[in-house]
**Student:** 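Below is a structure I'd like to ask you about.
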Number of protein chains: 2
Amino acid sequence: MSNTRTQILDLGEELIRTRGFNAFSYKDISEKLGIKNAAVHYHFPSKEALGTAIIQQSIDLFIVKEKQWNQLSSKEQLLDFINIYQKSHDKNWSCLMGALSSSVDSLPSTMQNKLTKMAEYILNRLTQTLIEGLKKGEFHFDEEPRAKAELIISSLLSSLLLSKVMHGQIFESIVQSIILSVNLKTK
Amino acid sequence: MSNTRTQILDLGEELIRTRGFNAFSYKDISEKLGIKNAAVHYHFPSKEALGTAIIQQSIDLFIVKEKQWNQLSSKEQLLDFINIYQKSHDKNWSCLMGALSSSVDSLPSTMQNKLTKMAEYILNRLTQTLIEGLKKGEFHFDEEPRAKAELIISSLLSSLLLSKVMHGQIFESIVQSIILSVNLKTK
DNA sequence: GTCTATACCTGGATAGAC
DNA sequence: GTCTATCCAGGTATAGAC
């Protein structure tokens, strides 16, 4: 088994989400983990392989979380989704999509493809939550559920980005707007 | 006078907004302009100087545009603001803020500072437009104008980013949501 | 699975001629 | 203002020993 592999993946994700894919090197990883450059290459022969695996790990984690949503109300699902971003905000990290999308044209094509898959998967799942919540009367809004899902994901994604640049309470403010916009009463 | 300087600035901005700051080099610029690496360095001694000047140029352009807003209704101001992003979307570019914010921690501090200034300037100006439009009865919404401005900028910014990753009509969908959300009747 | 050593390349940057 | 030439640092990646 290889704990090192997991450590590389996690550290790589952190580096992408704090500095960007093109701003970190194998050296950043090897030094922090106390190993050598070549050891990182043993686990991930190329930076492309590493980047692709990091996106895949993120997809896998979301699928695990999403499976748990079946036990939750639609309202709880949405709040749990927002909570993913809340935890990122607390660390001053962007989300993986926000970190990679701006430079997607400079990324290897395997990473581009996986990123597209991730975006569609998450968007579809959140849309489903909104549709069910509407049906069950947990949410109230007039727009198309998919359009609403796009707006929610978009605003959460960039609230993390703007938080890195601006001072103030932009994240909290955006979350409030979202909750209002689905007409969800919180306690 | 130096037309080359302007060409470098414009091309640099394009490269940042299509690939990201850490994914382009002096070579990308010199080759495209048919000059040599050293000529680029003559105009911008360091990449930091170039990046900072690009942000400044963007601020200057916004100030020019914003001055013209004094002749327009609040509704027209908002639509003109959205149109800035529409033009970016047509070229499949992100906005400068979206392009730089994700990797802000990897940028030279002069760029970081200027980026913060730009964000605050634009956000303040859009907030002002929303306040005036509310007062004059051109818009109708309940949230705080600043929170609404944050939501509009956030969703526009990331609709450009997500457009690069996803297929579909996310940009158009987001624009519709924004227009609905200020209760603005378009023709 | 990790090491040493190294190859190879690209990138930012500068000196000095024109 | 642009060129040639060059320096140096850093980055990805590989070969082969342990």
Side-chain angles (χ1 to χ4, degrees), chain A residues 1-55 57 99-100 102-112 114, chain B residues 1-55 57 99-100 102-112 114:
Chain A
M1 80 105 216
S2 166
N3 185 39
T4 303
R5 187 189 147 91
T6 308
Q7 287 180 288
I8 294 171
L9 278 175
D10 290 342
L11 181 52
E13 181 177 346
E14 172 176 349
L15 288 165
I16 290 178
R17 291 172 63 184
T18 51
R19 306 178 54 80
F21 186 72
N22 292 310
F24 81 90
S25 69
Y26 276 80
K27 198 182 167 196
D28 294 322
I29 293 180
S30 60
E31 280 185 351
K32 181 108 183 242
L33 297 186
I35 56 181
K36 297 296 170 181
N37 169 20
V40 183
H41 275 281
Y42 168 80
H43 294 281
F44 300 97
S46 68
K47 205 178 172 186
E48 171 171 7
L50 174 56
T52 307
I54 288 170
I55 303 175
Q57 174 177 254
L100 291 175
S102 60
S103 54
V104 67
D105 295 351
S106 77
L107 299 179
S109 60
T110 54
M111 287 183 68
Q112 293 183 9
K114 234 179 226 323
Chain B
M1 82 105 216
S2 165
N3 186 38
T4 303
R5 187 189 147 91
T6 308
Q7 285 181 289
I8 295 171
L9 277 175
D10 290 344
L11 181 53
E13 182 177 346
E14 172 176 349
L15 288 165
I16 290 176
R17 291 172 61 184
T18 52
R19 306 178 56 78
F21 185 72
N22 292 309
F24 83 91
S25 69
Y26 276 79
K27 196 181 168 195
D28 295 322
I29 292 181
S30 58
E31 280 184 351
K32 181 109 184 241
L33 298 185
I35 56 180
K36 297 296 171 182
N37 169 19
V40 183
H41 274 282
Y42 168 80
H43 293 282
F44 300 97
S46 70
K47 206 178 172 187
E48 171 172 7
L50 173 57
T52 307
I54 289 170
I55 302 174
Q57 172 176 255
L100 292 175
S102 60
S103 54
V104 67
D105 294 351
S106 77
L107 299 179
S109 60
T110 55
M111 288 183 68
Q112 293 183 10
K114 234 178 228 322

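The figures that follow rest on heavy atoms only: side chains count, while hydrogens, waters and symmetry mates do not. Protein chains get the first letters and strands the later ones, always in sequence-line order, with residue 1 at the start of each.
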**Student:** What residues form a side-chain hydrogen bond (donor to acceptor under 3.5 Å, both in side chains) with A/S106, not counting sequence neighbours?
**Tutor:**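 Checked A/S106 against side-chain hydrogen bond (donor to acceptor under 3.5 Å, both in side chains); matches are A/N22.
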**Student:** Heavy atoms, side chains only, cut-off 4.5 Å: are B/L33 and B/V40 in contact?
**Tutor:** no
**Student:** Keeping to residues at least two apart or across chains, list the salt bridge (Lys or Arg N to Asp or Glu O under 4.0 Å) pairs with something in residues 7-16 of chain A.
**Tutor:**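 As it turns out, the salt bridge (Lys or Arg N to Asp or Glu O under 4.0 Å) pairs with a partner in residues 7-16 of chain A, which skip direct neighbours, are A/E13-A/R17.
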**Student:** Run the side-chain hydrogen bond (donor to acceptor under 3.5 Å, both in side chains) test against A/K47 and tell me which residues pass, sequence neighbours left out.
**Tutor:** none
**Student:** Between D/dT2 and B/T4, is there an OP1 or OP2 to side-chain N/O distance shorter than 4.0 Å?
**Tutor:**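 B/T4 to D/dT2 OP1/OP2: side-chain N or O found under 4.0 Å.
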**Student:** Tell me which pairs pass ring-ring contact (aromatic ring centres under 6.0 Å, His included) where either residue lies in residues 29-50 of chain B, with sequence neighbours left out.
**Tutor:**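 Every pair satisfying ring-ring contact (aromatic ring centres under 6.0 Å, His included) with a residue in residues 29-50 of chain B: B/Y26-B/H41.
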**Student:** What residues, two or more places apart in sequence or in another chain, satisfy side-chain hydrogen bond (donor to acceptor under 3.5 Å, both in side chains) together with B/E48?
**Tutor:**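 Partners of B/E48 by the side-chain hydrogen bond (donor to acceptor under 3.5 Å, both in side chains) criterion, ordered by chain and then number, come out as B/T110.
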**Student:** Could you tell me which residues satisfy side chain to side chain contact (heavy atoms under 4.5 Å, CB included) with A/A38, sequence neighbours excluded, listed by chain and number?
**Tutor:**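 With neighbours one apart ignored, the set is empty.
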**Student:** Could you list the residues that satisfy side-chain hydrogen bond (donor to acceptor under 3.5 Å, both in side chains) with A/T18, not counting sequence neighbours?
**Tutor:** none
**Student:** Tell me which residues in residues 16-32 of chain A lie within less than 4.0 Å of DNA chain D, going by non-hydrogen atoms.
**Tutor:** A/F24, A/S25, A/Y26, A/K27
**Student:** Residues from residues 35-47 of chain A sitting under 4.0 Å of DNA chain C, heavy atoms only?
**Tutor:** A/I35, A/K36, A/A38, A/A39, A/Y42, A/H43
